[in-house]
Number of protein chains: 2
Amino acid sequence: MSTTPVHLALSVDRTSPVPLYFQLALQLEQAIETGRLEPGSLLGNEIELAARLGLSRPTVRQAIGSLVDKGLLVRRRGVGTQVVHSQVKRPLELTSLYDDLLAAGQQPATRVLSSATGTAPAAVAAALGVAPQAEVVTVVRLRSAHAEPIARMVNHLPVGLLDLPADALEATGLYRLMRAAGITLHSARQSVGARAATAAEAELLGEAVGAPLLTMERVTFDDRGRAVEYGSHVYRASRYSFAFQLLVRP
Amino acid sequence: MSTTPVHLALSVDRTSPVPLYFQLALQLEQAIETGRLEPGSLLGNEIELAARLGLSRPTVRQAIGSLVDKGLLVRRRGVGTQVVHSQVKRPLELTSLYDDLLAAGQQPATRVLSSATGTAPAAVAAALGVAPQAEVVTVVRLRSAHAEPIARMVNHLPVGLLDLPADALEATGLYRLMRAAGITLHSARQSVGARAATAAEAELLGEAVGAPLLTMERVTFDDRGRAVEYGSHVYRASRYSFAFQLLVRP
DNA sequence: GAGTGGTCTAGACCACACC
DNA sequence: GTGTGGTCTAGACCACTCA
């Protein structure tokens with residue numbers, strides 16, 4: 001007999017267009033986040049849960065499985081399904097400096113330093129997977145928060161992919177513009193390092209020459225496999241660092 | 001009628017203890033990696049694939065779904081399942097410097113500079129979630145490749161979790177020791193930044209004072225939610241950077 | 001309209017953990 | 001031995017895409 005350790009008010013609405021497994025996953029996730037489902041507590045077995053909700057077991061498993069993938073639950077054969085103890089925030093996402101700053105309660109501001117179309121340098125063309133002398137749009141932006149410069153961001157995009165009016169770029173982030181244009185971001189390959197600031201960078205960012213800068217290069221692909229953006233950014237190490245959570249592959 | 005765009009030699013062995021969906025996923029993944037399934041090609045519909053292999057559709061879906069989660073395939077309703085164009089290597093894993101260097105063909109060498117048990121500083125205790133004056137093991141290592149120093153790594157672990165003989169630490173990586181001890185790593189929260197080298201760091205790593213260093217702090221949790229390790233590492237920016245691929249959450 | 005993936009059901013047997 | 005998750009089946013209907 002199962003002990004049904006927690007009595008949650010779970011229910012599904014079969015008239016809703018939202019998939020049943022998704023409704024259940026949503027409610028479980030909320031119960032975990034609000035603490036109604038305590039860390040370490042057992043969820044009760046899948047069969048009983050399915051019976052209680054009038055669902056089939058595969059549907060319940062699909063809901064639970066999605067939360068296991070998110071790292072919120074852990075399944076143990078012969079034991080049961082438990083809520084993870086550690087506070088999993090969110091696994092690493094395609095971080096957007098704009099959104100990061102917003103989330104941190106800072107007010108991001110952007111100044112477009114230049115925006116031009118021209119032939120791609122060899123390294124950029126290779127990263128984007130376009131012909132060596134193909135035309136690309138190059139945008140250089142200075143991102144600040146609280147009137148303090150944070151980063152210089154250089155982006156290259158294939159021409160014709162997206163309109164990039166300066167006022168839109170100064171009002172929001174590049175990824176938001178892409179998503180709004182119907183581009184589905186799929187994956188990115190990125191590299192994070194550090195180096196000393198050049199004279200020009202020091203001047204622009206208000207650091208000393210030789211000050212440590214955090215660097216990131218990133219190629220982003222959409223779901224058709226097209227490279228949609230190549231970025232090469234430098235951040236003031238004194239003002240910014242990347243923080244993220246990641247899950248170990250099972 | 002479906003066009004069956006690719007003729008793959010797929011088969012499953014029902015006498016094997018390996019799950020059928022996993023066998024299929026493995027073969028599809030291999031076909032993608034070797035190029036037999038070309039980027040952009042359609043996989044053929046799930047029903048037919050199931051019939052061809054003598055499997056049920058849910059089993060085939062489970063195999064395909066696992067590759068979609070890995071970012072190797074993209075499903076489009078009404079269209080089919082396609083191989084992604086971009087070469088997805090592996091999503092971000094819990095990177096181990098030891099394994100990174102091995103994979104890069106370098107020969108990692110480790111020197112244990114110190115290893116001691118003592119009361120945890122407040123910041124360390126907070127990160128590990130142990131009592132403020134609890135005992136922790138602190139290990140300091142110098143990691144090199146090709147006789148060139150790469151990083152200084154400082155790790156704190158709860159006492160009693162794991163035996164850490166110096167010779168084992170010099171022969172392999174910390175995470176490998178943990179896994180071998182039956183610890184299942186689950187998630188990690190980490191932060192990557194940069195700063196200038198102190199005199200001691202410069203001396204140890206063979207850099208100039210003030211040279212840019214890449215820093216990483218990381219707390220790692222096991223599947224029971226216990227913090228099993230807190231690390232604070234510095235890398236020579238001139239010799240190392242983090243490269244990884246990530247998937248956009250769907 | 002034809003073809004695809006998305007969702008869902010009601011069972012079944014197995015492998016593993018724990019008592 | 002008992003209870004759990006892990007795997008698998010053979011269907012079904014729906015929603016979306018594209019011609």
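Chain letters run A, B, ... following the sequence lines, proteins first and then strands; every chain starts at 1.
The local environment of CG in B:Asp163 is sparse, with at most 12 non-hydrogen atoms from other residues, nucleotides or ligands closer than 6.0 Å. Summarising the local packing, CD of B:Gln30 is surrounded by 12 or fewer heavy atoms from other residues, nucleotides or ligands at distances under 6.0 Å.
With distances taken from any side-chain atom of B:Arg61 to the nucleotides D:dC18, D:dC8, C:dG6, the minimum falls on C:dG6. The nucleotide whose nearest atom lies closest to any side-chain atom of B:Thr59 is, among D:dT9, D:dT4, D:dT17, D:dT9.
Both B:Glu46 and B:Pro58 lie close to DNA chain C; mapped to their nearest nucleotides by heavy-atom distance, the more 5′-ward contact belongs to B:Glu46. Between A:Gly54 and B:Gly80, the one whose closest nucleotide on DNA chain C sits nearer the 5' end is B:Gly80.
Side chain A:Arg77 to base D:dG3: no donor-acceptor pair is found below 3.5 Å. Side-chain N/O atoms of B:Arg57 and base N/O atoms of C:dT7 include a donor-acceptor pair closer than 3.5 Å.
The distance from atom CD1 of A:Ile47 to atom C1' of D:dT2 is 14 Å, rounded to the nearest whole Å. With rounding to whole Å, A:Leu42 atom CG is found 13 Å from C:dA17 atom C1'. The distance between atom CD of B:Gln62 and atom P of D:dT9, rounded to the nearest whole Å, is 10 Å. The interatomic distance linking B:Asn45 (CG) with D:dC18 (P) rounds to 16 Å, in whole Å. Straight-line distance from the CZ atom of A:Arg75 to the C1' atom of C:dC16: 15 Å, rounded to whole Å. Atom P of nucleotide C:dT4 and atom CG of B:Leu73 are separated by 16 Å, given to the nearest angstrom.
Between A:Phe244 and B:Phe244, the angle of the ring planes lies from 30° to 60°, which puts this pair in the tilted group.
Residue B:Ser56 has no polar side-chain atom (N or O) positioned under 4.0 Å from OP1 or OP2 of D:dG11. Taking only side-chain nitrogens and oxygens, B:Thr81 never comes nearer than 4.0 Å to OP1 or OP2 of C:dT4.
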Report the C-alpha separation of A:Leu20 and A:Gln23 in whole Å, then their side-chain angles, then the decisive distance to 0.1 Å, and conclude whether the side chain to side chain contact (heavy atoms under 4.5 Å, CB included) test is met.
-> CA-CA 5 Å; A:Leu20 300 177; A:Gln23 293 183 37; 4.0 Å; yes
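Among the heavy atoms of the strands lying under 4.0 Å from A:Leu55 are primed sugar atoms or P, OP1, OP2 only; no base atom is included. Among the heavy atoms of the strands lying under 4.0 Å from B:Arg76 are primed sugar atoms or P, OP1, OP2 only; no base atom is included.
B:Thr220 and B:Glu229 share a donor-acceptor pair across their side chains, judged by distance under 3.5 Å alone.
With rounding to the nearest 0.5 Å, the separation of CZ in A:Arg141 from CG in A:Leu164 is 8.5 Å.
For the segment residues 11-23 of chain A, residues with any heavy atom less than 4.0 angstrom from an atom of DNA chain C are, sorted by number, A:Arg14, A:Pro19, A:Leu20, A:Tyr21.
Applying the salt bridge (Lys or Arg N to Asp or Glu O under 4.0 Å) test to B:Arg77 and every residue at least two apart in sequence or in another chain returns nothing.
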